[in-house]
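Contents: one structure, followed by commentary.
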Amino acid sequence: MNTPDIRVEKGHAEPEEVAALTAILLARAAAAPADTTPAHRGRPRAGWRRLEREPGFRAPHSWR
């Protein structure tokens, strides 16, 4: 277990600072809701279409 779980990219963090950051991250992870299902079910695709990707002509009876 020589590889650290948290690495400081820039600067120098003291062990106390790393411990405080770890405690905050663990507290936030524990406070997260267990149910991760989205509250809002959106459409599977957008309700609009880009005109440049549509065929050239659409019959009048197919207009929405």
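The first residue in the sequence is number 1, and the count goes up from there.
For Glu17 against His12, the heavy-atom pair with the smallest separation is OE1-O, 4.0 Å.
Here Ala19 pairs with nothing under the side-chain contact (heavy atoms from CB on, under 4.5 Å) rule; sequence neighbours left out. Under the salt bridge (Lys or Arg N to Asp or Glu O under 4.0 Å) criterion, Glu14 pairs with no residue, sequence neighbours left out. Every residue two or more places apart in sequence or in another chain was checked for a side chain to side chain donor-acceptor pair (under 3.5 Å) with Glu16, and none qualifies.
Cluster note: Leu25 groups with Leu21 through ILVMFWY side-chain heavy atoms spaced under 4.5 Å, whether in direct contact or through intervening members.
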